[in-house]
Amino acid sequence: MTPPVPDLVVHNGVLLTQDAGQPAAEALAVRAGRIVSVGRADDVLASAGPATRRIDLGRRTVVPGFIDAHAHIWKIGHLLTTLVDLRGARSLPDLRARLREANARLPASEWLLGRGYNEARLVEGRSPQRTDLDAAVPDRPVAITRTCGHILTCNTAALRVAGIGPDTSAPAGGEIDRDEAGEATGILRETAMGLVTRRIPPPTLDEYAAMIEAALRHQLALGITSTTDAGVPPAIAAAYRALDADRRLSSRVNAMPLRLVDGVGPVPLPERVVSDRLRMDTVKFFADGGLSGATAAISLPYRHAESHGVLRLDGPELTVLAGEAHADGWSIATHAIGDVAIDHVLTAYDRLPERGHRLRIEHFGLPSASALARASRRGVIAVPQTVFLPELGRNFRLYLPDPLLARAYPVRAMLDARIVVALSSDAPVVENDDPLLGIQAAVLRRDETGEAIAPGESISAREALHAYTVGAARASGDEANRGSLRPGTWADFAVLSANPLDVCPEALTDVRVEQTWLGGELVFQR
């Protein structure tokens, strides 16, 4: 039988296919958005017809479209549209100046919202408090989220709207920071953030859609053709469904509905969706907090405070909630960073019957040797973020006790335990979500000052590329369609300025994405 004539042939390239049966090639052919052949340039070109487009790659490198297995798409888009970006702030006066500037542009009735501060990057070495925000904007509610997304600082006006006073109790799984007089400092941790966020007028469906579209355009410029929005409340799940129905999703999204929103719930889950551009078949839970903000649940006290973090869900609670969703056909993804939280999640997963649905642990930051073995036995997929190390590694060194710092994000140990690893960014927790930076961080394992963090957990660039493609495709449950360049998969790929497997690790961030293709269509060109 004569093979179909392709619509497109790209040739004269260095193809890193991520297909174990054919790891390298020179060309690929595409028909109706899918790859129909991969191999030597002469062989693939021979299948072309008069109407076939031919793209000469000039010996540039082609990789499968990167897959960011854990990001927060609408939150990336919020920063790209209307949210005040505080990630570059280096002092409290700088932060206050950014808030004053934004305040001058806002209508009088609106809240002022920002995100991205990191106390370890502020010269004062402390988090902003209510009084800091009052000094900048006293006459409207202000709420700014720490870069990790697990801590919120509010001004007095925002606390007043939320009804937070001396007698207000924190909800389970949350904390309200107070001064020596018992007054709220404005800092709310984990589920306590919901006391304020529930009072903030939500964006409209169209505004959510604009955020999503902006974030996906941003990711396409990084060669990311598939992504995961790891935890969406019902309104954003509805926005995704509407965008998919209108064919307005510019790349492929795995949107994970939340079962608990701001610590409240359980909320009803939407209908599952599996289309070419949208998957909605995995439920997201939170077992603990963030590592850079010292709210992850750990077995030893943090270095800077007599705190063990915050456990948002324990094993029995997660067993019930995850069990209900699992029985209804959903895969399960649970945020767990600290070793205590990881053990609770693994206990809950061990109690779930084998149904063939995926079980993921998002971040998997501080697993013990026994936890690695348990995860491997149960087939749990790990979704860590090596990209945290260059941006947030200083926080880890400041806050983590030495025994835990020595095993922070142990990707080498995960792979050695035969755990499927999907690398990701967790953006906008990090400002730079470039997968090439994530690959570099997986190899070098250095913070922004050059200090090594658990250097024995380094992996090779080849392993890291596999985790940003095949591993991430397995985490989404869609490795038949994405993650590699082989016949039958979508023609999603990125054209790079250099081969990331040939350059020295320090030069990985000099490699540029020059083109991004989705379904055989050019969707980004530098």
Side-chain angles (χ1 to χ4, degrees), residues 67-72 148-150 228-231 254 256-260 281-291 295-299 309-319 321-323 325-326 330-352 354-355 357-388 404 407-426 429 442 457 467 471-477:
I67 302 173
D68 193 332
H70 182 116
H72 300 280
C148 62
H150 291 261
T228 294
D229 203 334
N254 178 15
M256 295 180 177
L258 288 166
R259 192 74 167 108
L260 304 173
D281 62 354
T282 303
V283 183
K284 170 78 179 296
F285 296 95
F286 283 90
D288 68 345
L291 193 56
T295 57
I298 61 177
S299 56
V310 178
L311 189 66
R312 294 177 59 157
L313 275 180
D314 63 19
E317 293 171 311
L318 182 60
T319 299
L321 292 167
H326 205 49
W330 291 83
S331 294
I332 307 298
T334 307
H335 166 121
I337 297 179
D339 55 340
V340 170
I342 288 169
D343 286 343
H344 277 279
V345 172
L346 289 171
T347 296
Y349 284 0
D350 283 342
R351 292 171 178 164
L352 297 178
E354 294 275 3
R355 289 195 175 96
H357 309 315
R358 295 179 313 286
L359 298 174
R360 300 171 40 147
I361 294 184
E362 311 301 300
H363 311 301
F364 206 52
L366 297 167
S368 63
S370 63
L372 290 166
R374 292 175 69 192
S376 179
R377 284 196 301 271
R378 190 63 171 89
V380 173
I381 298 168
V383 188
Q385 296 76 31
T386 54
V387 75
F388 283 173
L404 295 182
R407 66 172 197 250
Y409 292 92
V411 182
R412 173 79 273 146
M414 296 178 200
L415 292 177
D416 289 348
R418 300 187 179 278
I419 294 170
V420 173
V421 172
L423 288 178
S424 61
S425 72
D426 201 19
V429 171
E457 295 297 337
R474 290 176 178 168
S476 73

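Scope of the values below: all heavy atoms of this structure, side chains included, with no hydrogens, waters or symmetry mates.
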Please output the side-chain donor-acceptor pairs of residues 335-342 that fall under 3.5 Å, not counting sequence neighbours, one pair per line with the distance.
| unit_1 | atom_1 | unit_2 | atom_2 | d |
| --- | --- | --- | --- | --- |
| His335 | ND1 | His363 | NE2 | 3.2 |
| His335 | NE2 | Asp288 | O | 3.3 |
| His335 | NE2 | Asp288 | OD1 | 3.4 |
| His335 | NE2 | Gly289 | O | 2.8 |
| Asp339 | OD1 | Ser299 | N | 2.9 |
| Asp339 | OD2 | Ser299 | OG | 2.5 |
| Asp339 | OD2 | Arg407 | NH2 | 3.3 |

Can you name the residues that form a side-chain hydrogen bond (donor to acceptor under 3.5 Å, both in side chains) with [X], not counting sequence neighbours?
X      : value
Arg378 : Glu354
Thr228 : none
Arg474 : none
His70  : His72, Glu362, Asp426

- Task: Verify, without hydrogens or angle tests, whether Ser331 (side chain) and Arg358 (backbone) share a donor-acceptor contact under 3.5 angstrom.
- Result: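 Indeed, once roles are kept as given, a pair shorter than 3.5 Å links the two residues.
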- Task: Keeping the roles fixed (side chain from Arg360, backbone from Ala475), state whether a donor-acceptor pair exists under 3.5 Å.
- Result: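 The answer is yes, because a donor-acceptor pair under 3.5 Å joins these two groups.
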I'd like to check the side chain to side chain contact (heavy atoms under 4.5 Å, CB included) partners of [X]; sequence neighbours left out, ordered by chain and number.
X      : value
Thr347 : Arg351, Arg374
His326 : Ile332, Leu352, Arg355, His357, Leu359
Ala71  : Asp68, Ile73, Ile76, Gln219, Thr227, Ser425

- Message: Can you confirm whether Leu258 sits close enough to Phe285 that some side-chain heavy atom of one is under 4.5 Å from a side-chain heavy atom of the other?
- Response: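 In short, these two side chains do not touch, never coming nearer than 4.5 Å.
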- Task: Indicate whether the side chain of Thr334 and that of Tyr349 have a donor and an acceptor atom separated by less than 3.5 Å.
- Result: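 Thr334 vs Tyr349: donor-acceptor pair found between side chains.
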- Message: To check you understand the geometry: which heavy-atom pair defines the closest contact between Cys148 and Val429, and what is its length?
- Response: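 Smallest interatomic distance, heavy atoms only, reads O-CG2, 3.7 Å.
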- What residues, two or more places apart in sequence or in another chain, satisfy salt bridge (Lys or Arg N to Asp or Glu O under 4.0 Å) together with Asp314?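 Once residues adjacent in sequence are excluded, Asp314 has no partner under the salt bridge (Lys or Arg N to Asp or Glu O under 4.0 Å) criterion.
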- Task: Look up atom CE in Met414 and atom CG in Leu372, then write down how far apart they are to the nearest 0.5 Å.
- Result: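 If I round to the nearest 0.5 Å, the distance is 7.0 Å.
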